[in-house]
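One structure is given below, encoded as structure tokens.
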Amino acid sequence: MIQPTLFVGCEPEVAAGVDGRVLAVGEGARSAAGRRAEVVRLRGRAWPGLIDAHIHLEALTDRYLHLDLEGAPTLEETLARISSWSAPLPDDAWVVGRGWYNDAWPVPAFPTRRQLDEAAGGRPAYLERKDGHSAWVSSAALKVAGIDRARPDPPGSVIDRDKRGEPTGILRENAAMDLVFDLLARPEQAQLDDAMARVLADLAKLGLTAVHSMDTAQGFGSWQRLRAQGRLPIRIVYNLPLVDLPHAERMGVQSGWGDEWIRIWGVKAFLDGSLGSRTAEMLDGTGTPRLTQADLVDLVARTARAGLNVCLHAIGDGAVRRALDALAPRRATGPSWRPRIEHAQCVNPKDVKRFARIGVIASMQPIHAVADRVLADEYWPRVTGHAYAWGALAQAGVRLAFGSDAPVETADPLAGIEAATVWRRKAKWHPELAVSRAAALRAYTAGAAYAVGMEKDAGTLRAGKLCDMTVVDEAGVVATIVGGKVSFLRTPLSTSRRSSPKTR
């Protein structure tokens, strides 16, 4: 017979019912669990389950499916990895991967197709930059895609060219990248599912109990299959891409459809690019707008009418202002209307209070500041005083939801909390923009739960809510509990049938 579960040795102790919800927290946990409860012995502090409010699960599977270039410190090392990976492939096979990061190389110039041609052995190659906003492609890939000097830049994107007008091999933003990406073969379902299961297990080890995923229908299908197989260790809230909005409209899908394990919430749309790819839309006119203001206003109207929320990618202060302008007329849409601006890496001081006034959630990734500091000082020298400004937004009453944007940065939420709190002081980089540890933890729990309408079920440890916990000590994550079940335990699990109150 299934019995409640009692988590002891952590502070506070927690009792979970057979339905996966909290029975009691603290002093009343033992009596609420009963004498026959299963006892799980832990140590450390029990937090509400940490939630990553912005992640790309399909891109994370690339490290198990394709060439992984993350961490390569030089162009030479990057090319060596490509060459080693490519060598055993058939001559006509595609070389696919991601993670190169030229800004970390001693010479940070963007690479060229000529370099890639040699390393890939003349094969067609498609390699996404770490930020996902640029792709490095080979001459063979350009030829197959029909990209030459006569091919115009697709709207909202750029094909880099040399002095003669020939493509260099760098494609910036999706419309240009998709000219090649759409030619790639997709993994078989079983391959994708196995890689996805490994990714989700990795995230559970980091202490994550839920994520807000910015992916495609391919990932959505994988999560459903994994759930049916009992292989889903954490909860997933899905924000579908703009291209699928017409399908959602026809089907009548609304925010909140699904259950506590897989749930649909919003529509993800890009207003601009990124700092790293030099495509963030700034008020000074630089950058690459990806969605016109007319199309943005239409998107907001359609989603509000359909009962779907919006997640607007806006990194530059120009894109952020356009997002706020489009959202302002919708401030009275209703209690389930919770529009989000994703990243909001640079917010003009005049726009900070508008977030709170309009009711816009700032879905931010503190870990970006650690990686971007040097770039920001170089390319945004006049605005770094109000960039990555979690503290300024929080002080203005803006609701924060924190995440990682993995695989762009690490998915480790403890690293994110460190970045949001003490890192700025240690780095001596605008420390006034940091937040307190309590505020950072709220942004990873209650704030993230609110951002997808789950505040009644998640975000805090209270009786009746889902028993999702992240247990930590001075060494890191001790355990991840989802629905009263252990998804990860740092040491061998110790369970027993409770026989007396003396369980420690």
Side-chain angles (χ1 to χ4, degrees), residues 14 16 19-22 46-58 60 196-197 199-215 219-220 222-224 226-227 230-240 255-266 268 309 311 338 340 342 361 363-365 367 399-407 410-417 440-462 464-472 477 479-488:
V14 178
D19 61 355
R21 291 183 176 266
V22 175
W47 289 345
L50 296 175
I51 303 167
D52 189 312
H54 188 114
I55 200 167
H56 302 273
L57 296 178
E58 286 178 78
L60 281 167
M196 187 68 72
V199 164
L200 297 175
D202 292 342
L203 298 177
K205 290 178 183 178
L206 295 175
L208 290 168
T209 60
V211 296
H212 303 173
S213 185
M214 312 289 172
D215 280 294
F220 185 59
S222 180
W223 309 325
Q224 293 179 78
L226 290 176
R227 172 143 186 225
R231 300 169 69 192
L232 201 64
I234 64 176
R235 308 183 194 279
I236 302 171
V237 178
Y238 177 43
N239 296 289
L240 54 96
S255 291
W257 184 89
D259 59 19
E260 295 96 346
W261 285 97
I262 303 177
R263 197 163 183 265
I264 289 176
W265 184 248
K268 165 75 178 301
N309 276 274
C311 304
R338 299 179 186 181
R340 300 163 44 154
E342 306 298 320
I361 297 162
S363 172
M364 306 178 77
Q365 303 76 44
I367 197 67
R399 195 180 296 266
L400 302 178
F402 281 168
S404 66
D405 201 20
T410 175
D412 183 357
L414 300 187
I417 292 172
L441 186 57
R442 281 196 302 273
Y444 270 108
T445 53
Y450 179 87
V452 288
M454 292 190 70
E455 69 274 13
K456 293 182 180 179
D457 291 312
T460 55
L461 278 177
R462 293 180 183 172
K465 288 195 170 187
L466 296 168
C467 188
D468 293 356
M469 300 190 300
T470 305
V471 183
V472 299
V477 175
T480 304
I481 313 298
V482 183
K485 305 295 183 183
V486 176
S487 284
F488 166 73

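Looking at residues two or more places apart in sequence or on another chain, you find no side chain to side chain donor-acceptor pair (under 3.5 Å) involving Thr480. Asp19 meets the side chain to side chain donor-acceptor pair (under 3.5 Å) test with no other residue; sequence neighbours excluded. Partners of Ser255 under the side chain to side chain donor-acceptor pair (under 3.5 Å) rule, at least two apart in sequence or in another chain, are Asn309. Applying the side chain to side chain contact (heavy atoms under 4.5 Å, CB included) test to Arg442 and every residue at least two apart in sequence or in another chain returns Ala438, Ala439. For His54, the ring pair (Phe, Tyr, Trp, His ring centres under 6.0 Å) partners two or more places apart in sequence, or in a different chain, are His56, His343. Residues satisfying the salt bridge (Lys or Arg N to Asp or Glu O under 4.0 Å) criterion with Glu260, sequence neighbours excluded, are Arg21. For Phe488, the ring pair (Phe, Tyr, Trp, His ring centres under 6.0 Å) criterion is met by no residue, not counting sequence neighbours. Every residue meeting the ring pair (Phe, Tyr, Trp, His ring centres under 6.0 Å) condition with Trp223, not counting sequence neighbours, appears here in chain and number order: Tyr238. Listed by chain and residue number, Asp194, Gln229 satisfy the side chain to side chain donor-acceptor pair (under 3.5 Å) test with Arg231 (two or more places apart in sequence, or in another chain).
For the atom pair Ile264 CD1 and Ser213 OG, the distance stands at 11.5 Å (nearest 0.5 Å). Note that the OG atom of Ser404 and the CD1 atom of Ile367 stand 9.0 Å from one another [nearest 0.5 Å]. Distance check: Thr410 OG1 to Asp405 CG gives 12.0 Å after rounding to the nearest 0.5 Å. The CD1 atom of Ile236 lies 7.5 Å from the CG atom of Leu226; values are rounded to the nearest 0.5 Å. In this structure, CG on Asp52 lies 8.5 Å from NE2 on His212, to the nearest 0.5 angstrom.
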Worksheet entry | Verdict with reasoning, Ile51 to Val237, per side-chain contact (heavy atoms from CB on, under 4.5 Å) | CA-CA 10 Å; Ile51 303 167; Val237 178; over 6 Å; no

Fill in: side-chain contact (heavy atoms from CB on, under 4.5 Å) between Val22 and Arg462, worked out
CA-CA 6 Å; Val22 175; Arg462 293 180 183 172; over 6 Å; no

Worksheet item: Hey, mind stepping through Met364 and Phe402 against side-chain contact (heavy atoms from CB on, under 4.5 Å) and telling me if it holds?
Response: CA-CA 5 Å; Met364 306 178 77; Phe402 281 168; 4.2 Å; yes

Practice prompt. With side-chain contact (heavy atoms from CB on, under 4.5 Å) as the test, would you mind laying out the steps for Glu342 and Met214 before giving the verdict?
Written response: CA-CA 10 Å; Glu342 306 298 320; Met214 312 289 172; 3.7 Å; yes

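Counting heavy atoms from C-beta on, the side chains of Ile262 and Leu232 come closer than 4.5 Å.
Checking each of Thr209, Leu206, Leu200 against Ile234 for a side-chain contact (heavy atoms from CB on, under 4.5 Å) leaves exactly one that passes, namely Leu200.
A donor-acceptor pair under 3.5 Å is formed between the side chain of Trp265 and the backbone N or O of Ala451. Between the side chain of Asn239 and the main chain of Gly266, a donor-acceptor pair closer than 3.5 Å is present. One N or O on the side chain of Arg263 and one on the backbone of Val452 form a donor-acceptor pair closer than 3.5 Å.
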In residues 464-471, what donor-acceptor pairs under 3.5 Å come from side-chain atoms, sequence neighbours left out?
| from | atom 1 | to | atom 2 | distance (Å) |
| --- | --- | --- | --- | --- |
| Lys465 | NZ | Glu455 | O | 2.8 |
| Lys465 | NZ | Ala458 | O | 3.4 |
| Lys465 | NZ | Thr460 | OG1 | 2.6 |
| Asp468 | OD1 | Arg235 | NH2 | 2.9 |
| Asp468 | OD1 | Gly483 | N | 2.8 |
| Asp468 | OD2 | Arg235 | NE | 2.7 |
| Thr470 | OG1 | Leu50 | N | 3.0 |
| Thr470 | OG1 | Gly207 | O | 2.6 |

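Counting non-hydrogen atoms of neighbouring residues, nucleotides and ligands closer than 6.0 angstrom, the CH2 atom of Trp261 exceeds 12 such neighbours.
Applying the side chain to side chain donor-acceptor pair (under 3.5 Å) definition to pairs two or more places apart or across chains, none involves residues 444-454. Pairs of residues two or more places apart, or lying in two chains, never qualify as salt bridge (Lys or Arg N to Asp or Glu O under 4.0 Å) while including a residue from residues 202-215.
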